[in-house]
> 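This is the structure, below, for whatever I ask next.
In what follows, every heavy atom counts, from backbone to side chain, and hydrogens, waters and symmetry copies are set aside. Each chain gets a letter, A, B and so on, in the order its sequence line appears, and its residues count up from 1.
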Amino acid sequence: MNELRPIRSALLDVRNLHTHFLTDKGTVKAVNGVSFQINQGERVAIVGESGSGKSAMAMSLLRLLAYPGKVVSGEINLEGRDLNRLSERQLNEVRGRLVGTIFQDPMSSLDPVMRISNQMIPPIMRHLGLSREKARAEAISWLDRVGIPDAARRIESYPFEMSGGMRQRVMIAMALSCRPRLVIADEPTTALDVTIQAQIVELLKELTAETGAAMIFITHDLGLVARFAHKVGVMYAGKLVEFGPVKDIFARPRHPYTQSLLDTIPPVDQLERRRLAQIPGFPPDMKLPVTGCAFKDRCAGAHRRCFEVAPELEPRGHGHAAACWLPEGLGAGRQMERALIPPMEPAADAGEDRVVVEINNLHKHFTTRSSLPWRKPPTVRAVNGISLRIRKGETLGIVGESGCGKSTVARLLLGLDPATSGDIFIDGMAQMVFQDPSSSFNPKMTLFNIIQEPLVVTGWGTKAERETRVRELLGQVGLDESYMHRYPSQLSGGQRQRIAIARALALKPSVVVADEPTSALDVSVRAQIINLLVDLKQKLRVSFVFISHDLLTVSYISDKIAVMYLGEVVEYGPADEVFNNPAHPYTQALISAVPIPDPEAEEARIQKPLSGELPSPLNLPVGCSFASRCPKATDYCRTHKMVLKPYSKTRETACHYAS
Amino acid sequence: MKFSSRSWLSAAFLAGATLLAAVSPARVSAAAEDKTLIVRFYDDPAGFDPSNIFRIENENIAFNIFSGLTTYDSKTGQIVPDLATSWETKDNVTWTFHLRKGVQWQKGYGEFTAADVLYSYKRVLDPATASPYVSELTGIDTMEAPDPYTVVIKLKAANGGFLHTVANYHQGQIVKKEAIEAAGGQVRWKPVGTGPYYLDSIDVNSRIVLKRHDGYYKGPAPIATLDFHIIKDDATAAIALRNGEIDLLMRQSKEEQLQILKDAGFKMNHVDNYASSIKVMNLSDPILKDVRVRRAIAYAIDYPAITAAIAPTLQAPAYSMLMPWMDVFSKDAPEYKYDPEKAKKLLAEAGYPNGFTLKSLNTSAQGVTEQQQFEIDYLSQVGIKMELELVDTPTFNQRRNKGDFMTATRLLPAVNPDMILFSYLHPDNIAPKGLNGARYNNPELTSAIEAARAEADPEKRMGLYAKAQKIAMTDLPYIPALANNVYWPSKPNVTGVNINYLAQVNFWEVDK
Amino acid sequence: MLTYSFKRLVQLFVTVLGVVTLVFFTMRLIPGDPISAMAGDNLSGAALDQMRGQMGLNDPLPVQYLTYLGRLAVLDFGTTVTTKLPIVGLILGALPVTVSIALGTIFLTVLISIPLGTLAAYMAHKGNRMLDNIITGVAMVLDLMPPFWTSLVCLLIFSLTLGWFPASGTVSLDDPAMLLRRIALPVLVLSMAQIATLARITRTSVLEVLNEDYVRTARSMGWSELHVLFRHALKNAALPIVTVIGLSFGNLLNGTVIVEFIFTLPGIGNLLVGGMNSRDYQMVQTLIVFYAMIFVAINFTTDLIYRVFDPRVQF
Amino acid sequence: MALISIPLPAHRSIQFNFSSLNGTIRLLSNRRVQLALMILVPILLLTVFRPFLPIPGPLETNLRAMTKPPSFVHLFGTDRMGRDILSRTLAGVQISMFVGFAVALLSLTVGLVMGTLAGFFGGVIDRVMMTITDIFLAFPSLLLAIGLVSVMGTGMLPVVLAISLSDVPRFIRLQRSLVLSLRSRAYIDAARTVKASQMWLMTRHIVPNTLAPLLVAASIAAANAILVEAGLSFLGLGIMPPAPSLGNLIRDGQTYLEQAWWISTLPGAVILLIAISLHFLSDGIRQVLDPRSRK
């Protein structure tokens, strides 16, 4: 096989694509010479961390870049036509017609003030030359195919009247409605819950297979890649560093970057927990010229040649290519770094094992104020009777779809909102680590002031003592003391999250509540933070409440897991058991929806994504709240409420049919 | 039988009008043309009820609607007969007026008689009318009408200026009882008089339309319709005149606009020295009570230079409270010509060698005028620091009437010199009750003006008035600053715009 | 919608009451009263006091206040102090003038500034700041010229030199042609002051929308830039634009004192200044009630228009 | 004022460190800020050093040089009283700038305090405060100006108060909305988990983060105030001459527009320059603060 020879039937042939962003501060070479081919009907995933240029590359294909982005050079041959040479007018005949695009955020990608019909029908009329009635029928049939119930009526809805998942379905219907030959999907599921993500991925897979459209799928989620793609391209610093068939890439990655990325993912098998791999350093500044390999500074295997000449994408057999001077990348060496996490030492004395947090029958109802005195205000039951216990040093993971009430539990635990009813006992104090590192700090404060704020407010120690404590904390989270007088805006996301942890630890709390602490971080940085949390847990015997929708991470870091659905805990037990042997149908559905970064395993799994979406918490069903989506539900479930009951010695579940 | 008498009256009125028209053929042709004169009116009208009319522009409308027993000659300012053809008095106490016969009321209210005169004066005197001019008539002891064409008025005390009181101005304007009663609460908007024009329609926001009273006793006016357009801004008014949108510009008070209009060849109808502007010195002020200080101020400011610099057209220097055209004006009073050295000397004598701070109360309506800026400049040269207190007009009026100021300005608009001297210098009128804001009280002067009022002999009267003016200008409770001129520019073809000394125009004389 | 109307009604009531109370006592606190306002140079203190007593201005303040509120409750707005004309009649007479000017100004402003602002935003989005700067700069210069100065310049140019528009003349709805000619210059002057503001807001919000994801979506479906600009960007950018239009419309309805003065237009601002200068308590108070109602009504209308432009806005 | 009403800018969440040198440099390297300073600094310098310039004092009349067009002796010409317009303009700049900044400072301070309280505490305080601002917004500012002048007389203070009073409600609303958007920020929650006092939250976390957009609004308010003062002068409610505010100069000169254009036009041009540069300044601050508009 002559892998790199252009195949005559290639649908898209991109050659040496360069895209620059001309900013005041210099030219950012976002895409720096990318070449690849896609065949008819092929699904190609492009993976990379933020800033790797993967989105800029995808947007360059149709020249959809906003100012100051500009495609500088390269060929984009679509069925033999170079899109880069087309005029704007000619390109408009390609956009939507030959190439459909699906964007990341369904909430913002549809015009909020226009009905779906007005957004969908005119392009169909224009591109396919149909009459309004026919175009409408076509649009409705597409909405139907993407699983919009009652499409004929829903086509007249506004986007805000639909959920995120529904909007993404509309987006897909729109992108496919003119029967494009190629679909570009830019992180189409990132903003969605894991169950919806599974549904969307299945849908895309089915529909592209059905229409024979090829697909470029931009993502940072290696699990999705494994589930979805035929081929994978890995981007780093504006270049493709590895390209090849999905199984080959996952089984035998050749580039050190790909190898490291795969190692940063928490393993699925929980038999022994190893530290996650970390990629040291940061990606290069794309404004500066790079000599040699862009990854050299972060690569354990880098040698002299890497510093002098940049490696080009070279074939590695079986349609696989990698841009590295080393034929096997890090090779066998990559496994050596990862240390086993020692199991937590048993408590020295009985007191060390005590329960530090106890939650009994907790309720939180939100009542929207009605200004009409005679009208009864509607009530949202965000937390609807939860009881949990956390022991010292234990990590409790709370998982569930957005809207299940997990963040409300966190706020109640921290005392930020008063509970409607029920009790929370905390032995000591609760502190928090927030989700979004960019908005969780006061931008006007130095890091020193941010970390010492809890100390100042509670009147802890003298000024000198506080400074010592801050230094100590910085050391604990692995940051240099020189950071003390910087501002949050001068830090990277990972560094900020370290500061957040340092601050949370300042008052030696008994429990730290971390609400999605890693979801805004890139894969490699996420691994660093997870490792740090694991270390701290070991060292300081702090309890953690780890709230996330990322089941893999939660099960990796937690001792126990509570699965929440509509304000209730439906399953509760040790992390390994819950993850590997879920008892509640909802837990089962959740776990089956999690993509596993292993194409072989993914192929073996039977996909039966959970249907439907989270019902509105405004009018909860009488019986089991999950009954509306449960494959096992009976009439009994719909009329009888199930409470959390022991399932095994260590587990509890709330299902009539669990045992 | 009111109905029949009314119809008879109107028939007579029509007949009279036709007769008059027949007498004067020139006027007939003018009437046939139905000429319209568009006149600028410079503020919102406030009504034309003589008992409570105020502000010159409203008074000018009333002047053309109503008549008095006497009126002022447009050119000389002398009192001339109006509804009274003649009068006699021996002692300035009992006045007998012989009324004109056949004078017709507007809008068919019949013939004017002595009863109308008595009604009009009584109406002003009636407390229910709440007329601010009531004090003008309180000097009347009795009034009677021995026949429909004679009125006899007896005063409580002699008053040589009584002919001013009954002139076509404020309380002197004669109204018709039936018309007043018919108007109810809207008298000010439904004036009915015996003058050359009647009020046809009014839009308080934008225009006033007067129509010719064809039954006017002197014959119909040449212009059929007077259309007053409200244009508040002086510059806009000048543009309107230059555009030909208006024929006559009532009162242009911006010097620079007058220059432009003059250069453009418009007719500059004007009256000079219509009123003097004075600085009221509050004599209860510890500094100003010293006459040397007051004289120093008078010597310090070079008003002739100021007027020449800023408004040679609109202003002239003044040396007395009275205007030279008034019959009782005396040249014998002391004048204060610009002399800063003398001013400094007087100040030093008074114990203020380094000057003092003079607070001047002014209205903010025009901001700080150039005149005031010059005054500040001149006074500072002799060491007096003049500070302006600028307040809006109602506040200014209130404080000025209360006498709550150190110095303030006043315009003395009156054709009755006796009235000026009494109001401003007589102790009975000391503020806040009256206009004597200086709180001036000099028995010598008081007795002089009281005697002058009672004196029937013109020569002796003149002597007493001269004495009063001399004392006033010596004591200087009021420093005369400027005399004001009034300009009504018009298109060249507009004739007969004679502005009287009340700054009013008798439109009966106007033609185009 | 019901909830919303109820809220607005309460707001109207509270605002009107507050404003009325405020103005009632303010007017009486400041020196000068209707009588002293009437006094010219030749009325004595005694004469004035007589008039004052006649008008009942010597009653205790609370009594006057309660009397006033009582009359207000039955919508009796009374007559002016000096001219004894029904105030409602005067306001209704001035309203057509003011409304014509306000509508004309808004029309001209929208006509000029929305395309201008959109163009500027589009240019800025494309990275062409030159035209953007020129447009913004010119609009700003127009905006910052004092209206009393521009009014006179406009009069000199358009009325005197070119003779296009009269400087005076009766304004009435019965003569629409004259009305248009009379309000043309005021509208021009007032628009100058509004154009910049509106163009800037349009520019900012359109620019913001152009960076939105759904604009990219529309372009990805093959729509031209122009189509995107007018079909998507403008409609989405409408909310801040509508707010500004609402605000300036409110201000214009409140009367534009200087322009009314210079162009001799008998509008609402004219009444306010007149009322204030003659200390016509009743007139000023009634105007304030009127203002408060306009204020609330404009808010209400703006909200309704929001609903039209953005279906997400719910009441 | 109903005369000229510039709505305060729509704001976004803006983060910026004025305290840091970095921020100052970024501000100074912004082109609009540079342009603004290039206009403002020379004008201000001339104003400050006017007494040392070889020109007559602003109040010096000269009857031999009345209404002279611009010449080498009188760069801006003279007025009806023979006063040097350049000198008067520079003195006017001083007064007008003072009015502008006094208004900006006053509105900003009051708006900051009241808006913070309303936004932070919400509930009854908020509703009362919003009702009061509503009342003031519905209250014509001209009336306020007339009232204040009646009570206090004309002068600097009533003018500043009158303009500020009509600006304050807008500032309160702006600050309130800023506070509302900050109130649910994670760092506020973080401080609340350690039981930080309300005072601490407001002074450490909320107010510093609202200053930047408020400053943007304040610089526009300053420019606006200079123009409104001019309008008030026209109605006889402004600063009193002979102290020459720019508004006074224009007003006094506008009646001579046909005979002596320079009397009002040249000071007018200076007002324009100042107001424009203040707008540029605010634009610049906004651009520096808001990364989204910096593209």
> Would you say CZ of C/Phe107 has more than 12 non-hydrogen atoms from neighbouring residues, nucleotides or ligands within 6.0 angstrom?
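No, because the 6.0 Å sphere around CZ of C/Phe107 holds 12 heavy atoms or fewer from other groups.
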> Need one label for A/Met174: side chain, backbone, both or neither, based on atoms under 4.5 Å from any heavy atom in chain C.
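Backbone plus side chain of A/Met174, per the 4.5 Å heavy-atom cut-off to chain C.
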> Do other residues, nucleotides or ligands put more than 12 heavy atoms under 6.0 Å from the CZ atom of C/Arg71?
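Above 12, so yes.
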> Quick check for you: to the nearest 0.5 Å, what is the distance between C/Ser220 atom OG and A/Asn92 atom CG?
10.5 Å
> Specify which of A/Pro123, A/Pro122, A/Pro112, A/Gly96 makes the most heavy-atom pairs with chain C at under 4.5 Å.
A/Pro112
> Please look at A/Arg126 and chain C and tell me whether the side chain, the backbone, both or neither of the residue comes under 4.5 angstrom of a heavy atom of that chain.
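For A/Arg126, the contact with chain C is made by the side chain alone.
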> Kindly determine whether C/Met221 and A/Gln119 satisfy side-chain contact (heavy atoms from CB on, under 4.5 Å), including the steps that lead there.
CA-CA 9 Å; C/Met221 290 310 291; A/Gln119 301 189 47; over 6 Å; no
> Around A/Lys70, counting heavy atoms of other residues, nucleotides and ligands shown, do more than 12 lie under 6.0 Å from its NZ?
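Not more than 12 within 6.0 Å, no.
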> Do other residues, nucleotides or ligands put more than 12 heavy atoms under 6.0 Å from the CZ atom of A/Arg181?
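For A/Arg181, atom CZ is not crowded (no more than 12 foreign heavy atoms under 6.0 Å).
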> Is the closest side-chain heavy-atom distance between A/Ser109 and C/Glu212 below 4.5 Å?
no
> Given a strict heavy-atom distance threshold of 4.5 Å, which part of A/Val94 is in contact with chain C: side chain, backbone, both, or neither?
neither
> Are the charged groups of C/Arg219 and A/Glu88 less than 4.0 angstrom apart, N to O?
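So C/Arg219 pairs with A/Glu88 through a salt bridge.
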> Report yes if the side chains of C/Arg216 and A/Met59 come closer than 4.5 Å at any heavy-atom pair, otherwise no.
yes
> Looking at C/Trp223, I'd like to know if the NZ or CZ of A/Arg95 sits under 6.0 Å from its six-membered ring centre while staying within 45 degrees of the ring's axis.
no
> Can you tell me how far apart OG1 (C/Thr217) and CG (A/Asp111) are? Round to the nearest 0.5 Å.
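C/Thr217 atom OG1 to A/Asp111 atom CG measures 9.0 Å (nearest 0.5 Å).
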> So, for A/His127 and C/Gly222, which heavy atoms are closest and what is the spacing to 0.1 Å?
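Heavy-atom minimum between the residues: NE2-CA, 4.2 Å.
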